[in-house]
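The block underneath contains the structure these notes are about, expressed in structure tokens.
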Amino acid sequence: MNNLLFKTVFGAALFAAALITAFIWIEARKEIVFLCGNFTEGITEQSVRRQLDTGNFLRYRTENLPAGKQIIADSWYNLSTCKCTVDIDTMGQVVESRLD
């Protein structure tokens, strides 16, 4: 009897953990997709950073390039399977944003 109860509780806990993981994975991806769609040509770098700072599930980093900067936003919560790359020119404005 104890063995059956243990297996039932363990199975329910495993199922709940899988549901929570799937929910967080999907929400992290939706956040990146939504924000990346906001970064159209001509938006300032400051605006991009302000919007990225509102994210709950994402992280971002900036790389300096000869022709400006590149901001890459991804999420640890979905193992970086979805990321947004924002190219910024030397004037500090978005040239292009793409979802990878």
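Sequential numbering from 1 along the given sequence is applied to the chain's residues. If you're wondering where the values come from, they're calculated on a predicted model, not measured in any experiment.
Considering only heavy atoms from C-beta on, I71 stays 4.5 Å or farther from E63 through its side chain. Using a 4.5 Å heavy-atom threshold, the side chains of Q70 and T85 count as touching. Counting only heavy atoms from C-beta outward, the side chains of L52 and R59 never approach each other to under 4.5 Å. Using a 4.5 Å heavy-atom threshold, the side chains of D87 and V94 count as separate.
Using a distance-only test at 3.5 Å, with no hydrogens or angles considered, no donor-acceptor pair links the side chain of S80 to the main chain of W76. Here the side chain of S97 pairs no donor or acceptor atom with the backbone of T40 at under 3.5 angstrom. In this structure a side-chain-to-backbone donor-acceptor pair under 3.5 Å is present from E31 to F57. No donor-acceptor pair under 3.5 Å is formed between the side chain of S47 and the backbone N or O of I43. Although no hydrogens or angles enter the test, the distance criterion places a donor-acceptor pair under 3.5 Å between the side chain of T54 and the main chain of Q51.
The pair E27-R29 does not meet the salt-bridge criterion, since no charged nitrogen lies less than 4.0 angstrom from a carboxylate oxygen. The residues D89 and K69 are annotated as not salt-bridged, no charged nitrogen and carboxylate oxygen being separated by less than 4.0 angstrom.
The OG1 atom of T44 lies 8.5 Å from the CD1 atom of I88; values are rounded to the nearest 0.5 Å. Interatomic distance, K83 NZ to R98 CZ, rounded to the nearest 0.5 Å: 9.0 Å. Here the OG1 atom belonging to T81 is positioned 11.5 Å from the CG atom belonging to D100, to the nearest 0.5 angstrom. Annotation: the span from Y77 atom OH to I26 atom CD1 amounts to 16.0 Å, rounded to 0.5 Å.
Y60 and D74 share no donor-acceptor pair across their side chains, judged by distance under 3.5 Å alone.
More than 12 heavy-atom neighbours from other residues, nucleotides or ligands sit within 6.0 angstrom of CD on E96.
Looking at every heavy atom in both residues, C82 comes nearest to V33 through SG-CG2, 4.1 Å.
Put simply, V95 and I72 are part of two different groups of oily side chains (I, L, V, M, F, W, Y) that touch within less than 4.5 Å, one to the next. There is no path of hydrophobic side-chain contacts, each under 4.5 Å, that joins F39 to L65.
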